[in-house]
> 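Following this message is one structure expressed as structure tokens.
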Amino acid sequence: MSSFKTFKAKVVTAAALAASATLALSGCATGNDDAGDKIRIGIKYDQPGLGYQDGKDYTGFDTEVARYVAKELGYNEDQIEWVESPSANRENMLSNGQVDMIFATYSITNTRLKSVDFAGPYFVAGQDLLVQKDNNDIHGPEQLNGKDLCSVTGSTSAKKIQDKFASDVQLVQQNSYSDCVVALNAGMVDAVTTDDIILAGLGSTKANQGQLKLVGNTFTTERYGVGLPKGSDKCGKINAAINKMVETGEWEKALDKSVGESGFKYNQKLNPPKLDNSCSKPTQDSK
Ligand code: GLU
């Protein structure tokens, strides 16, 4: 890069920083008790049906619930600033103030509850396996002996494999599940493991359709919470918004619009979750 270009880049960066500082300030200085000018919402960018960046659009069930909740908190769609929140970065992004809320297939766990709060859950999924269409030997976690598996750093899915199957399974960890699917398609791993609803979305994209299959034998319970900074006072309002979304039928509509085409059927015993107006508390069963 020429020195002129370097200089120009620096000026642009400084201007951008100044602009975002102004935004951040104006976000605080508001008469409204909750709503500022913008709300920064962390989502996944590469999980079709859940959180997906499609050009300028952001699609998927997580984004639909996020929009609904944001609206109930007093924010219109044009006040939402979407921020990519990979699995391994979520707690840090909330603690550092990089985002205000996270809707990113984010399971409520006791470990995470030590550093962040959760409203919700707004959906309950289960860990499952995605394999190549012609794979006939993996029917569930019992057949993982000697297999190569891919999952994502910082996820409950990788942790489960490390805790329960470490001696038998070769676990490859990537930054995202879409990277895992590339490895599966290339025959570099035997299976991808994470939540069933995520795998259903990835397996039904145009590129993967007919190539991959969801095993359909879940072996964990994943309660998707709304990640919040520790000490947040928004849990009650968010839970009320989620309850309203369920009661008005918008929850079901959003789910159908987002993952209906993949053929995914959610667990009707566990969904939709019923909420009171407090934050999720640590429980004995979720690590
Ligand atoms: N729900 C699991 C988790 O929060 C797996 C999906 C993900 O990594 O986002 O870790």
Side-chain angles (χ1 to χ4, degrees), residues 41-53 58-63 65-66 82-95 99 101-130 141 149-165 171-181 183-184 189 191-203 214-215 218-228 255 258-259 262 264 266-267 270-271 273 280 282-283 285-287:
I41 303 184
I43 56 166
K44 296 294 181 71
Y45 275 13
D46 64 345
Q47 293 180 192
L50 274 315
Y52 190 70
Q53 187 187 37
Y58 297 88
T59 63
F61 184 61
D62 283 343
T63 70
V65 181
W82 302 106
V83 183
E84 186 174 21
S85 301
S87 296
N89 301 3
R90 292 174 292 198
E91 288 85 82
N92 273 342
M93 292 182 81
L94 286 167
S95 307
V99 290
M101 314 195 271
I102 288 186
F103 293 73
T105 59
Y106 196 11
S107 298
I108 301 168
T109 71
N110 285 347
T111 307
R112 291 172 180 165
L113 278 166
K114 286 180 191 151
S115 51
V116 299
D117 281 351
F118 284 102
Y122 59 89
F123 187 77
V124 183
Q127 187 168 352
D128 206 332
L129 296 155
L130 186 72
L149 221 60
C150 187
S151 199
V152 164
T153 316
S155 67
T156 54
S157 325
K159 181 134 190 3
K160 182 79 181 175
I161 299 299
Q162 285 163 333
D163 290 353
K164 298 276 179 223
F165 309 96
L171 179 67
V172 179
Q173 296 193 62
Q174 297 286 337
N175 284 329
S176 74
Y177 299 105
S178 53
D179 289 342
C180 279
V181 169
L184 179 63
V189 293
V192 177
T193 188
T194 187
D195 308 335
D196 48 2
I197 189 168
I198 300 175
L199 296 174
L202 284 164
L214 183 65
V215 167
T218 55
F219 50 98
T220 68
T221 303
E222 307 295 325
R223 299 158 66 238
Y224 287 179
V226 181
L228 297 166
L255 199 55
S258 305
V259 295
S262 73
F264 175 75
Y266 65 80
N267 183 328
L270 304 176
N271 288 290
S280 290
T283 60
D285 53 23
S286 61
K287 283 200 176 152

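As the structure lists them, so they are numbered: ligands from 1, and atoms in each ligand from 1. Worth knowing before you read on, the calculation uses all heavy atoms, side chains too, and leaves out hydrogens, waters and symmetry mates.
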> Does Ala104 approach ligand 1 within less than 4.0 angstrom via side chain, backbone, both or neither, non-hydrogen atoms only?
backbone
> Quick one: which of Gln47, Arg112, Lys160, Arg223 has a heavy atom closest to atom 4 (O) of ligand 1?
Arg112
> Numbering the atoms of ligand 1 from 1, which are under 4.0 Å from a heavy atom of Thr194?
5 (C), 6 (C)
> Could you give the distance from CZ (Phe219) to CG (Asp196), rounded to the nearest 0.5 Å?
10.0 Å
> Only counting residues at least two apart or in another chain, list the ones meeting side-chain contact (heavy atoms from CB on, under 4.5 Å) with Ala200.
Leu214, Ser262, Phe264
> With a heavy-atom distance limit of 4.0 Å, tell me whether Ile198 approaches ligand 1 through its side chain, its backbone, both, or neither.
side chain
> Nearest 0.5 Å, please: how far is OH in Tyr177 from CG in Leu202?
10.0 Å
> Report yes or no: does a heavy atom of Lys159 sit under 4.0 Å from some atom of ligand 1?
no
> Will you find, in the side chains of Tyr122 and Asp62, an N or O donor that is under 3.5 Å from an N or O acceptor?
yes
> With heavy atoms of Arg90 as the reference, note each atom of ligand 1 found under 4.0 Å away.
3 (C), 4 (O), 7 (C), 8 (O), 9 (O), 10 (O)
> Would you check if there is a donor-acceptor pair between the side chains of Ser87 and Lys44 at a distance under 3.5 Å?
yes
> Scan side-chain atoms only and decide if Ser176 and Asp46 contain a donor-acceptor pair under the 3.5 Å cut-off.
yes
> Near Ser157, which atoms of ligand 1 are under 4.0 Å from a heavy atom of that residue?
5 (C)
> Taking only heavy atoms of Lys44 into account, list the atoms of ligand 1 that are under 4.0 Å away from them.
7 (C), 8 (O), 9 (O)
> State whether a side-chain donor-acceptor pair under 3.5 Å links Tyr58 with Thr63.
no
> Can you list the ligand 1 atoms lying under 4.0 Å from a non-hydrogen atom of Tyr224?
1 (N)
> Where does Ser155 meet ligand 1, judged by heavy-atom distances below 4.0 Å: at the side chain, the backbone, both, or neither?
both
> How does Thr156 reach ligand 1, if at all, at less than 4.0 Å between non-hydrogen atoms: by side chain, backbone, both, or neither?
both
> Are the side chain of Thr153 and the backbone N or O of Gln174 linked by a donor-acceptor pair below 3.5 Å?
yes
> With heavy atoms under 4.0 Å as the rule, classify the contact between Asp195 and ligand 1 as side chain, backbone, both or neither.
side chain
> On the 0 to 90° scale, with breaks at 30° and 60°, tag the Tyr224-Phe123 ring pair as parallel, tilted or perpendicular.
tilted
> Report the nearest protein non-hydrogen atom to atom 7 (C) of ligand 1: residue, atom name, distance rounded to 0.1 Å.
Tyr177 OH, 3.2 Å
> Do any N or O atoms from the side chain of Asn89 and from the backbone of Ser85 form a donor-acceptor pair under 3.5 angstrom?
no
> Side chain, backbone, both or neither: which part of Gln127 has a heavy atom under 4.0 Å from ligand 1?
neither
> Tell me the contacting part of Ser87 for ligand 1: side chain, backbone, both, or neither, using a 4.0 Å heavy-atom threshold, strictly below.
side chain
> Suppose I only count heavy atoms of Thr105 and a 4.0 Å limit; which atoms of ligand 1 are within that range?
1 (N), 2 (C), 3 (C), 4 (O), 6 (C), 7 (C), 9 (O)
